[in-house]
Number of protein chains: 2
Amino acid sequence: MSNSKKIVTLDDVAQRAKVSKMTVSRVLSGKGPVAIKTRERINELIKELDYQPNLLARSLSSKQTMIVGVVVNKRDHMFMVDYTTKIISGIMDVALRHQYQLMLCPVSSEDDVRGEYLRLIRSKMLDGLILLKRKQDDPYIQELVEAKFPFVMLNYKKYSQDINFVDAKNKQGAIMATEYLYSKGHREIAFMGGRVGETNSNDRLSGYKEALKKLGLKYRAVWVIHGEYHQEVAYRECGKLLDMAQRPTAIFCADDNMAIGVIKRLRESGLKIPQDMAVIGFDDIQIASMIRPALTTIRQPIYDIGKTGMQTLLNIINGTQQKAVHRLLPVELVERESV
Amino acid sequence: MSNSKKIVTLDDVAQRAKVSKMTVSRVLSGKGPVAIKTRERINELIKELDYQPNLLARSLSSKQTMIVGVVVNKRDHMFMVDYTTKIISGIMDVALRHQYQLMLCPVSSEDDVRGEYLRLIRSKMLDGLILLKRKQDDPYIQELVEAKFPFVMLNYKKYSQDINFVDAKNKQGAIMATEYLYSKGHREIAFMGGRVGETNSNDRLSGYKEALKKLGLKYRAVWVIHGEYHQEVAYRECGKLLDMAQRPTAIFCADDNMAIGVIKRLRESGLKIPQDMAVIGFDDIQIASMIRPALTTIRQPIYDIGKTGMQTLLNIINGTQQKAVHRLLPVELVERESV
DNA sequence: TTGAAAGCGCTAACAA
DNA sequence: TTGTTAGCGCTTTCAA
C-alpha cells in the first residue's frame with residue numbers, strides 16, 4: 001500500500017474525490033463552473049496527494065506549452081557576458097510573472113540556421129521565440145514568418161509588417177555621442193563599428209554621419225572602421241588608426257567592448273585619455289565604470305529591452321497584439337572620464 | 001490540396017510510405033530492425049515532407065524529455081554575470097553534443113523553495129537538474145534525493161552518498177593564496193568571505209586557517225569577516241577593517257567581486273596597492289584583469305565545472321554512473337598587480 | 001522485418 | 001454544475 005512514491009495523476013485525484021477527471025481539470029485551470037464545495041474538496045485532495053500536473057500531457061492536449069525559447073548565438077554569448085545576463089534577466093522577470101518557462105536555444109551563426117529554426121518551431125515545444133541580436137541578413141527568419149510563429153527580435157531593427165522588434169534608439173544615441181564629442185571641442189572624430197550586417201552598428205553609423213553633417217564636419221571614409229564587437233578586434237583596428245598620417249582626436253566606438261580594446265591600445269601607445277585622444281562607447285556594460293579611465297558611453301536599457309520584448313511576445317501569443325510592434329527605447333549619455 | 005502548411009505527423013509519413021507508424025518510428029530512433037530499402041524510402045519521405053517529430057508526444061510516451069533544468073537563483077544571477085555565463089556555456093556545450101536542451105529554472109532563495117523543486121520534478125518536463133551555487137543549508141535538496149531525481153550541484157560541496165557535486169579545490173586555493181601573500185612578506189593577513197552558509201566560502205576560510213597555522217601565523221578572529229559576495233558589501237566591510245586599531249597588511253578576499261569592492265575602498269582611502277595593502281581574490285572573473293591595479297587572484301575553472309557537471313548529470317541519467325560523484329577541479333594562482 | 005493494439009495524462013467539445 | 005467521448009502524436013509491448 002505505498003501511497004507515497006507512486007505518480008499521482010488527474011485520475012487518482014478524480015477517483016478519490018468521486019468526480020470525473022474533467023471536474024478536477026476545471027478546478028486546476030480555474031475555468032468552467034465548479035460547485036464551491038466540490039472545488040474545496042478537490043483542492044484539499046490535491047494538496048494532500050501533492051498532485052502536480054504532467055505538463056507534457058497538458059501541453060500535448062492543449063497545444064500550449066507555456067515555454068518560450070530564447071535564441072542565443074552559440075559563439076557570441078560568451079563575449080556578450082553582460083548583455084546576455086541583463087537581457088535574459090528582463091525576459092525572465094516577465095516570464096516568471098506569467099508562469100512562462102524559458103528554454104535556451106543556442107543557434108549557430110553559420111551552419112544550418114534554417115534547419116535549427118524549423119526544428120524549434122516544429123517540435124511543438126515552444127509557444128514563441130525571442131531572438132537576441134541576430135544579424136540583419138539572416139534570411140531564415142522568413143521561415144518563422146511563414147509559419148506564423150510568434151517571435152520578437154531584440155536589438156534588431158527592421159520595419160516590416162511581419163517582424164516585431166524592440167531595440168534602442170541607436171541612431172539618436174550616436175548623434176548624442178558625436179555631438180557630445182563636438183561640444184568637448186573635437187572636430188576630428190573617427191567611428192569604429194561592428195560587422196556591417198548588424199542593424200545596430202548600421203544605425204549608429206548613420207547617426208554618426210548625420211551628426212557630422214549637422215555639425216558641419218567633414219566625413220572621411222578612412223576614419224570609419226568596420227570591425228567586430230570584440231576587444232581584440234578593436235585593439236587591432238585602433239592600431240591602424242594610429243598609424244594614419246592624419247589622426248582623429250576622438251574615437252566613437254559603437255560598442256563598449258570595442259572602446260575597452262581601444263583604450264588598451266591607446267594606453268600602450270603612451271597616449272593620454274582624454275587629452276591626447278577621447279573615447280566614447282555604447283551600451284554601458286558593467287566594466288565600463290570600472291576601467292580607468294572610466295568609460296564615457298551611451299547607455300542602452302538592456303534589461304528593459306528584455307522586459308519589453310517578453311511582454312510583447314506574450315501579447316502576440318495571446319492575440320492581444322495584432323499589428324507589428326516596432327519599439328525603440330531611449331538611451332542616455334553617461335559622462336565619465338574618457339572624453 | 002495544401003500540402004505545405006499542414007502539420008506533418010508520423011502517421012502521414014507512414015501512410016505515404018505504405019508502412020505502419022512503428023516502422024517510421026524505428027527509422028527515426030535508429031533502434032529496431034528495418035529493411036534497408038524501407039529505411040531509405042522513409043528517410044527520403046521524411047525529408048520531402050519536412051517531417052519533425054512532436055517532442056511533447058514523444059516525451060509523454062517515452063518518459064524522457066531530453067531537457068535538463070538549470071536552477072539559478074532568482075536574484076543572485078544578476079550579480080554573478082560572469083560566473084553564470086561561463087558555467088552555462090560549459091553546461092550548454094556538453095548538452096548540445098548530446099542533443100539535450102536547457103531550461104532555465106529560476107528559484108528564489110527564501111520563499112517556497114521546496115515547492116519549486118517539487119514542481120520541477122513532478123511536472124515531468126525535465127530529465128535532470130543542475131543546481132548552481134545553492135546554499136549549504138538548503139534543506140529541500142532532500143526532496144530531490146528522496147524522489148531519486150537525477151541532479152548535480154555545482155560549486156557546492158557535501159560528501160554524501162546522495163549528492164553529486166562538482167566544485168573547485170577551494171581549500172587548496174585558499175592555502176595557495178595565503179602562502180603567496182606570506183611569500184611576499186605579509187604576516188598580517190585578513191580574510192573576507194561570503195555568507196556563512198556557503199560551502200565555498202567555508203572551504204576557503206578553512207584553507208586560510210590551515211595555512212596560517214602551517215606558516216606559524218596567529219589567527220585573529222577580528223580579521224575574519226563574513227560578508228556577501230558583492231562589491232558593495234565588501235566596500236563597507238573593508239571600511240571596518242581600516243578603522244581597526246591594528247590593521248592587516250593584506251586582505252584575502254574569497255571572491256573577486258569582494259576584492260574589487262575592497263580595492264575601491266582602499267583607493268578612496270588613499271592607500272597604495274599593493275604597497276600599503278595587498279589584495280588577492282578568488283575566481284578570476286573577467287573584470288579582474290581589467291581593473292587597476294589588475295587583480296591577483298586564484299582562478300577556478302568555471303567553464304570546466306559546467307562541462308564536468310553536465311557530463312556527470314548525463315551519466316547519472318543514463319545509469320552509467322552508479323556511485324556518487326564528488327569532483328574537485330584544480331585552481332591556479334594568477335599573478336597580477338594587487339599583491 | 002513489420003504491424004496492431006494499447007496507452008502516456010491531459011483537455012476540447014459536446015451532452016446531460 | 002458535472003460527465004462522456006474522443007483524441008493530442010508518439011512509443012511500448014507483444015504478436016505475426
* To do: Select base, sugar-phosphate, or nothing to describe what B:K21 touches, counting heavy atoms under 4.0 Å on all strands.
  => base
* Sugar-phosphate, base or nothing in reach of A:T38, heavy atoms under 4.0 Å ->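 Answer is sugar-phosphate: A:T38 comes under 4.0 Å of backbone atoms only.
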Rounded to whole Å, how long is the line connecting atom [atom1] of [X] with atom [atom2] of [N]?
| X | N | atom1 | atom2 | result |
| --- | --- | --- | --- | --- |
| A:I7 | C:dC10 | CD1 | P | 10 Å |
| A:R122 | D:dC10 | CZ | P | 13 Å |
| A:L60 | D:dC8 | CG | C1' | 4 Å |
| A:N54 | C:dC10 | CG | P | 6 Å |
| A:M22 | C:dA16 | CE | P | 17 Å |
| A:L55 | C:dC10 | CG | C1' | 10 Å |
| B:M66 | D:dC10 | CE | P | 17 Å |
| A:Q64 | C:dT11 | CD | C1' | 12 Å |

* Asked: Of all heavy-atom pairs between B:G306 and B:L154, which one has the smallest distance, and what is that distance?
  -> CA-CD1, 4.1 Å
* Asked: Would a distance-only check, ignoring hydrogens and angles, find a side-chain to backbone donor-acceptor pair under 3.5 Å from A:D93 to A:G90?
  -> no
* To do: Would you state whether a donor and an acceptor, one from the side chain of A:S61 and one from the base of C:dG9, lie under 3.5 Å apart?
  =>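 Under the 3.5 Å cut-off, the side chain and the base do not form any donor-acceptor pair.
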* Name the closest nucleotide to the A:S62 side chain, picking from C:dA12, C:dG9, D:dG3. =>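 For A:S62, the side-chain atoms sit closest to C:dA12.
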* Could you tell me how the ring of B:F165 sits relative to the ring of B:Y159: parallel (under 30°), tilted (30 to 60°) or perpendicular (over 60°)? =>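 Rings of B:F165 and B:Y159: perpendicular, over 60°.
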* Asked: Only one of A:L313, A:L314, A:T308 clears side-chain contact (heavy atoms from CB on, under 4.5 Å) with A:V94; which?
  ->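 With A:V94 as partner, side-chain contact (heavy atoms from CB on, under 4.5 Å) holds for just one option, A:L314.
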So does [X] get a side-chain nitrogen or oxygen closer than 4.0 Å to the phosphate oxygens (OP1/OP2) of [N]?
| X | N | result |
| --- | --- | --- |
| B:R58 | D:dT11 | yes |
| A:Y51 | C:dG9 | no |
| B:T9 | D:dG9 | no |
| A:T23 | D:dT2 | no |

* Structure fact -> The residue, B:K18 or A:R26, whose nearest nucleotide of DNA chain C is more 5′ is B:K18
* To do: Compute whether any side-chain donor of one residue and acceptor of the other, for B:Q321 and B:T312, lie under 3.5 angstrom apart.
  =>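 No donor-acceptor contact under 3.5 Å links the two side chains.
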